[in-house]
Amino acid sequence: MSDERFEVVIVGAGPAGAAAALVLAREGVEVLVLERGDFPGAKNLFGGILYTSVVNDLLPEFWERAPIERHIVNRRWLTLDEDTQIGLDLKSAKFDVPPFNNTFTALRSKWDRWFAEQAEEAGAMIICETNVEELIVEQGKVRGVRTGREDGDVEADVVILAEGANALLAERAGFRPQMGPRNRVNAVKEVIALPPEIIEDRFHLEGRQGMALEYFGGAVKGTVGSGFIYTNHDSLSVGVGCLIEEYLRLNIAPYDMLDDFKAHPMIAPLLRGGETVEYATKMIPEDSYDALSDLYEDGLLLIGDCAGLVNPSIHHEGTNLAMASGVAAAEAVLSARKANDFSKARLAEYRERLEDSWVMKDLKRYRDTVHFLLENREMVNEYPDLAIRLVRRYFTLDDTPKDDVLKELWKTIRDEVSFFKAARQMWRARKTML
Ligand SMILES: Cc1cc2nc3c(=O)[nH]c(=O)nc-3n(C[C@H](O)[C@H](O)[C@H](O)COP(=O)(O)OP(=O)(O)OC[C@H]3O[C@@H](n4cnc5c(N)ncnc54)[C@H](O)[C@@H]3O)c2cc1C
């Protein structure tokens with residue numbers, strides 16, 4: 001072990017690691033963040049909605065100075081078949097004023113860099129271009145990390161792992177469950193450049209207003225997954241993602257699914273004239289609450305995606321859970337530091353803090369969402385398709401009397417839907433998905 005020693009070493013300068021570093025540094029803790037990218041955010045990717053209730057607590061009115069793209073005033077949830085879309089549209093002037101519903105679009109290369117700088121300004125040391133290769137574990141206690149640098153061991157009272165979804169260090173050390181096709185979404189995303197005036201015109205936005213469109217059902221070939229378009233200032237974030245098991249089942253590659261999505265007659269006009277300037281793919285953990293590991297060990301805490309803290313429901317939240325877990329971990333470390341005790345028993349306070357917060361309450365609420373959808377594929381396939389056909393027929397104008405149209409619709413429902421099965425599914429959907 002080298003002589004390099006910090007009170008806390010954090011692996012990864014994404015939202016989780018930077019939030020933990022910021023809270024610790026403000027309390028005067030010697031904290032080192034090791035990041036493998038050229039700068040924080042250099043290699044990071046997400047769909048595009050940054051949820052900021054935690055950021056606003058840490059850095060009040062951050063939007064005045066942070067590199068955010070747009071604040072989202074309009075959200076749409078839509079389902080497609082081959083030529084039609086139906087959906088729910090929420091647009092509110094309430095979201096157009098601070099704190100903007102804590103919902104912004106962002107690009108990670110800009111946001112992560114800025115957020116990590118706030119931790120640096122508070123006193124954290126961030127060293128980039130440094131890959132942590134393994135945890136140093138002695139007699140069951142994590143004592144530090146081994147990096148790819150020469151003389152690259154760093155000792156610490158506690159290591160916080162914030163390495164993201166591809167949690168190789170945590171997995172190798174046996175501190176979290178293995179990744180599998182049923183608990184990982186693979187998403188592909190393009191950033192498509194368009195002039196701001198065209199975005200504002202096309203999506204009916206003014207100034208820095210933004211829009212989020214999320215697509216289900218036929219948009220992603222009836223899989224447990226979704227597609228999205230988010231408006232940035234001068235680009236669109238466009239992507240699709242579904243469980244790896246779904247790609248295998250349909251024998252389709254993620255980029256083919258994205259190409260089909262982009263070519264859909266309801267999507268293509270929204271992207272027209274744009275130029276793809278970025279293309280990337282990444283995994284999202286969708287571990288159920290029941291599959292989470294303890295998240296704390298002797299001398300170790302797991303936060304953010306690496307801990308599996310992503311809300312897999314229609315809310316699709318990850319960034320805010322990552323930052324909230326970073327704050328909870330930092331607070332548990334501050335207590336442990338006071339007691340000079342970094343044992344597993346002491347660090348259990350981190351989990352207790354999470355359990356008491358909305359983070360675990362939400363993960364418990366949606367613990368069965370993915371499993372329910374996999375076992376009831378009608379919810380993402382037949383039912384959205386049927387809903388489109390019924391609504392389209394109801395509003396298709398011909399000379400059929402409306403009474404006859406309604407009779408036709410009821411017949412379609414009776415022919416295609418098993419009443420008791422659907423009633424049970426809706427009951428379970430209410431409990432697992434809403
Ligand atoms: C395609 C996609 C779409 C998403 N869309 C959304 C969305 O719209 N809204 C939302 O809230 N969430 C979304 N998420 C989830 C969200 O991105 C994550 O929940 C969030 O980024 C987790 O933050 P984190 O800090 O835990 O991990 P990450 O952001 O992954 O950061 C991990 C950091 O650790 C570094 N690192 C990893 N291993 C090492 C190592 N060995 N040594 C040194 N550094 C290392 C990485 O370089 C990275 O900087 C999406 C995710 C994906 C993949």
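Atoms considered below: every heavy atom in the structure, side chains included; atoms not considered: hydrogens, waters and symmetry mates. Note that ligands are numbered from 1 as they come in the structure, with each ligand's atoms numbered from 1 the same way.
At a 3.5 angstrom cut-off on N or O pairs, Ile303 does not count as close to ligand 1. Polar contact with ligand 1: absent for Leu50 (N/O pair, distance under 3.5 Å). Considering backbone and side-chain atoms together, Ile284 places no N or O closer than 3.5 Å to any N or O of ligand 1. The distance criterion of under 3.5 Å between nitrogen or oxygen atoms is met by Arg108 with respect to ligand 1. Considering backbone and side-chain N/O of Gly47, one or more are found under 3.5 Å from N/O of ligand 1. The shortest N or O to N or O distance between Asn320 and ligand 1 is not below 3.5 Å.
Close approach of ligand 1 to Gly318 is summarised as follows: ligand atoms under 4.0 Å from at least one heavy atom of the residue are 10 (C), 11 (O), 12 (N), 19 (O). For ligand 1, the atoms closer than 4.0 angstrom to any heavy atom of Gly304 are 26 (O). Ligand-side atoms of ligand 1 in range of Ala162: 32 (C), 33 (C), 34 (O), range being under 4.0 angstrom from any heavy atom. Within ligand 1, counting atoms from 1 as listed, the ones closer than 4.0 Å to a heavy atom of Asn131 are 40 (C), 41 (N), 42 (N). The Lys282 neighbourhood of ligand 1 comprises atoms 30 (O), 53 (C), with distances under 4.0 Å to a heavy atom of that residue. Listed by atom number, the atoms of ligand 1 under 4.0 Å from Glu163 heavy atoms are 32 (C), 34 (O), 37 (C), 38 (N). Atoms of ligand 1 lying under 4.0 Å from at least one heavy atom of Leu34, given by number and element, are 43 (C), 44 (N). Close approach of ligand 1 to Thr130 (heavy-atom distance below 4.0 Å) involves ligand atoms 42 (N), 43 (C).
Proximity of Lys43 to ligand 1, defined as any heavy-atom pair under 4.0 Å, is not found for any part of the residue. In Tyr51, the part holding a heavy atom less than 4.0 Å from any atom of ligand 1 is the side chain. Of all the heavy atoms of Val132, the ones lying under 4.0 Å from any atom of ligand 1 are found in both the backbone and the side chain.
In this structure, Glu69 does not pair ionically with Arg208, as no charged nitrogen and carboxylate oxygen lie closer than 4.0 Å. For the pair Glu375 and Arg182, the salt-bridge criterion is met [side-chain N within less than 4.0 Å of a carboxylate O]. Between Arg184 and Asp287 there is a salt bridge, since at least one side-chain N of the basic residue sits less than 4.0 Å from a carboxylate O of the acidic one. Ion pairing between Glu355 and Lys364 holds under the 4.0 Å rule for side-chain N and carboxylate O. Salt bridge absent: Arg367 and Asp362 never bring a charged side-chain N and a carboxylate O closer than 4.0 Å. Comment: Glu129 does not engage Arg149 in a salt bridge, judged by the lack of any side-chain N to carboxylate O separation of less than 4.0 angstrom. A salt bridge links Arg353 with Glu349; the closest basic N to acidic carboxylate O contact falls under 4.0 Å.
Shortest contact from atom 31 (O) of ligand 1 to any protein heavy atom: Gly14 CA, 3.6 Å. Shortest contact from atom 20 (C) of ligand 1 to any protein heavy atom: Asp305 OD1, 3.8 Å. Summary of contacts: the protein heavy atom closest to atom 44 (N) of ligand 1 is Arg36 N, 3.1 Å. In this structure, atom 7 (C) of ligand 1 lies nearest to the protein heavy atom Ile49 O, 3.5 Å. Annotation: atom 14 (N) of ligand 1 to nearest protein heavy atom, Phe46 CB, 3.9 Å. Atom 27 (O) of ligand 1 has its closest protein heavy atom at Gly164 CA, 3.5 Å. When only non-hydrogen protein atoms are considered, atom 34 (O) of ligand 1 lies nearest to Gly12 CA, 3.2 Å.
The aromatic rings of Phe104 and Phe100 sit perpendicular to each other, their planes meeting at more than 60°, with 30° as the lower class boundary.
Screening residues 18-44 for side chain to side chain donor-acceptor pair (under 3.5 Å) gives Asn44-Asp112 as the qualifying pairs, with residues at least two apart or on separate chains.
Look at Met283 and you'll find a heavy atom under 4.0 Å from some atom of ligand 1. In this structure, His316 counts as a contact residue of ligand 1, since one of its heavy atoms falls inside 4.0 Å of the ligand. Heavy atoms of Pro40 come nearer than 4.0 angstrom to ligand 1 in no pair at all. Residue contacts with ligand 1: Glu35 is included, with a non-hydrogen atom under 4.0 Å away. For the pair Pro15 and ligand 1, a heavy-atom separation below 4.0 Å is found.
When the shell of 6.0 Å around CD of Glu206 is examined, it contains 12 or fewer heavy atoms from other residues, nucleotides or ligands.
Judged purely by distance below 3.5 Å, without hydrogens or angles, the side chains of Thr281 and Asn186 pair a donor atom with an acceptor atom. For the residue pair Glu214 / Tyr230, a side-chain donor-acceptor distance below 3.5 Å is found, with atom types taken as modelled. Ser343 and Asp298 are not linked by any side-chain donor-acceptor pair at a separation below 3.5 angstrom, with hydrogens and angles left out of the test. Between the side chains of Glu286 and Asn183, no donor N or O sits under 3.5 Å from an acceptor N or O.
For the pair Arg108 and Trp111, the cation does not sit on the ring face, since its NZ or CZ is not both under 6.0 Å from the ring centre and inside 45° of the axis. Remark: Arg351 fails to qualify as a cation-pi partner of Tyr296 under the 6.0 Å distance and 45° angle criteria applied to the six-membered ring.
With contacts defined as side-chain heavy-atom distances shorter than 4.5 Å, the pair Met433/Ile314 does not qualify.
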